[in-house]
Amino acid sequence: MPLRLLCGTLRRTAAAAAAAAAAAGGRRRLGSGAGPRSARGAPDFSSFVARTNTCGELRSAHVGQKVTLYGWIQYQRQGLFLVLRDFQGLTQIIIPQDEARSHVKELLSSAPVESVVRVTGVVSLRPPGQENPKMPTGDIEVKVETAEVLNSCKKLPFEIKDFIKKSEALRMQYRYLDLRSFQLQYNLRLRSQIVMRMREYLCNLHGFVDVETPTLFKRTPGGAKEFLVPSREAGKFYSLPQSPQQFKQLLMVGGLDRYFQVARCYRDEGSRPDRQPEFTQIDIEMSFVDQNGIQRLIEGLLQYSWPEDRSPVTTPFPSMTYEEALADYGTDKPDTRFGMKIVDISDFSQRLGIHFVQNALSYPHGTVKAICIPQGMRYLRNKDFESLKEAARSQFNQEIVDIICRPDGSLKSLLTKFLGQEQQSELIQELKMQVDDVVLLAAGEHKRVCSALGSLRLESADLLEAAGLVLRDPAVFHFLWVVDFPLFLPKEDNPTELESAHHPFTAPHPSDTSLLYSDPTKVRSQHYDLVLNGSEVGGGSIRIHNAELQRFVLEKVLKEDSEVLSHLLDALEFGAPPHGGIALGLDRLISLIVGAQSIRDVIAFPKSFRGRDLMGNAPDYVTAEELEPYHIQVSWPVAEAEAKKN
Ligand code: ASP
């Protein structure tokens, strides 16, 4: 049976198991068990249409009933039977063999796979021994009496089966076919149910108001690059907002008190892996709230909307400061599902008298740190260690020294020639090394050392997992708050200037406000990020609601032209309430819940890596006449552009 093949070949991840269950047609029905349960019970999937049941619904209790099913032909065998598929599952359909219904046989056995058909017939038990326990409808089959081919399917570019490998470009070009797969059906339906539960929680349980904010706005300072949209006023452009940030704050000034929106956001960041130029946020803002209030709200929201068949989330989520995250994990989005934390051995190293170590420690922010790869010698090869060291060199300009604990307990490393027997034992103790462990050690500037070791920690985990160890179970969910970020960070391209770590509207930590005027680099902020399994899934802050402070931050610290934000600065002077908020990245959150390889797998019509719609071929050329009202000319001849189009 193709179904058995389908079930057997899927990867055994949580998502694949879910998809297999969905493919099996209702063991974990999308209408009920797969996602958060609807407040009013399972929906009626056959209301308003002529079908009596879906293809995932029929059981032995239906035996004897006359039913009408609509679906796509998944498989057809020698004019004897076919498997009909819809969003909910698969049903075996027995093709009549008697003379009187030869036209039905002719119709169904000649219809190509993926043709869409109606069948009407009687539900009967499968003959003994022919039941399929892997299929929820596996006890029954439908004996067809009448059938109709509603639309035939031409030759397919790829088979609609999850286990068939196809390139992502082809999947995107024929996205409407890819959407027929159980995996994508599952992902999109689960997404819809989670969003529904979020709406219930926010609006019905906590009085939030769902407000749509404009997507045509103007360019504003800071943050990601925005897409421009031409206007009919010469030289003037709209901008697509990278988030509804200003509007949600203005809604608070407008007394809306609690706002939320399933908001479409746009960022023109070029090709970045697993980013989309348009994406969706669950965008939230509240008046009279503090950081703790927002955090408890989000924990409640996630708990309420969390799918019942995933391992439950427990609240409150643990919390870690930005400094701790950087020191222990080398990143502001630590994956806390596994150990291998960064260990500081500066004090210990100070005593060793090794020249390059002493040298590193003599600089400001100099440090010596290490990570220990447990059982590294058993699972990794020499070339793995070489590639780890090379990655640290090329990405972080950081040298790494490895230390191996041999089976006899002695150390192998270029450091050993500087160390006596006693010091080697001390080092083993300091790093808690066991036989076959491998330590990667780095000496240098704090941030660089932490970032390099943080990255090596993740790469080593990849290597260990490729060798068969499970360190990061995708079915386990580790939420984490990261707090106490610096308010400003040095700009990447010009470290003498500052930029906001979150965005320019973020309020300073109350105990650091005075530092703003003396040493802004030392100010911590009221910015919080939500991290799930090493990915940032949300971020927000308590906002500046004082116009004078906001103007100071924009003009004096960030050196921005505050005039572009005069509407917001103005609004803050009209009795703006204290307020704060957060945005959850819906695409990433759902992709982690379903264990998808990419956020594209939870978006119905995603863009390619280069930001293109491969199905409709967007962006596309327009003619000179179409550009005229916008006072725009393409610098290379439009004629040439049009020629390219054809
Ligand atoms: N607008 C912010 C963002 O998109 C979230 C927030 O501060 O609420 O990251």
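Start at 1 and go down the list; that is how both ligands and their atoms are numbered.
- Across E285, K248, Q242, heavy-atom proximity to atom 8 (O) of ligand 1 is greatest for K248.
- Using a 4.0 Å cut-off to heavy atoms of H503, the atoms of ligand 1 that qualify are 2 (C), 6 (C), 7 (O).
- Under 4.0 Å from ligand 1, not a single heavy atom of Q246 appears.
- Against a heavy-atom cut-off of under 4.0 Å, I582 is close to the following atoms of ligand 1: 8 (O).
- In this structure, R457 does not pair ionically with D328, as no charged nitrogen and carboxylate oxygen lie closer than 4.0 Å.
- The two residues V602 and I590 make their nearest non-hydrogen contact at CG1-CG2, 3.8 Å.
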Checklist entry - Can you check side chain to side chain donor-acceptor pair (under 3.5 Å) on Q261 and T213, steps first, answer last? => result CA-CA 8 Å; Q261 179 180 196; T213 55; 2.9 Å; yes
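- Each of the following atoms of ligand 1 lies closer than 4.0 Å to a heavy atom of R267: 4 (O).
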Next on the checklist: Applying ring pair (Phe, Tyr, Trp, His ring centres under 6.0 Å) to F260 and F208, what does each step give before you reach the verdict?
Outcome noted: CA-CA 6 Å; F260 109 95; F208 280 76; 7.2 Å; no
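- Residue-level proximity to ligand 1 for Q249 is absent, since no heavy atom of it falls below 4.0 angstrom.
- If you check which protein heavy atom lies closest to atom 5 (C) of ligand 1, you get G539 O, 3.4 Å.
- Nearest to atom 1 (N) of ligand 1 among the protein's heavy atoms is Q245 OE1, 2.7 Å.
- A salt bridge does not link E548 to R551: none of the charged side-chain nitrogens sits closer than 4.0 Å to a carboxylate oxygen.
- Nearest approach of D283 to Y259, heavy atoms of both residues: OD2-OH, 2.8 Å.
- Below 30°, between 30° and 60°, or above 60°: for H502 and H527 the angle between ring planes is below 30°, a parallel geometry.
- Within ligand 1, the atoms closer than 4.0 Å to a non-hydrogen atom of S243 are 1 (N), 4 (O), numbered from 1 in the order shown.
- When non-hydrogen atoms are compared, ligand 1 lies under 4.0 Å from the backbone of A583 as well as from its side chain.
- Looking only at heavy atoms of the protein, atom 9 (O) of ligand 1 is closest to H502 CE1, 3.7 Å.
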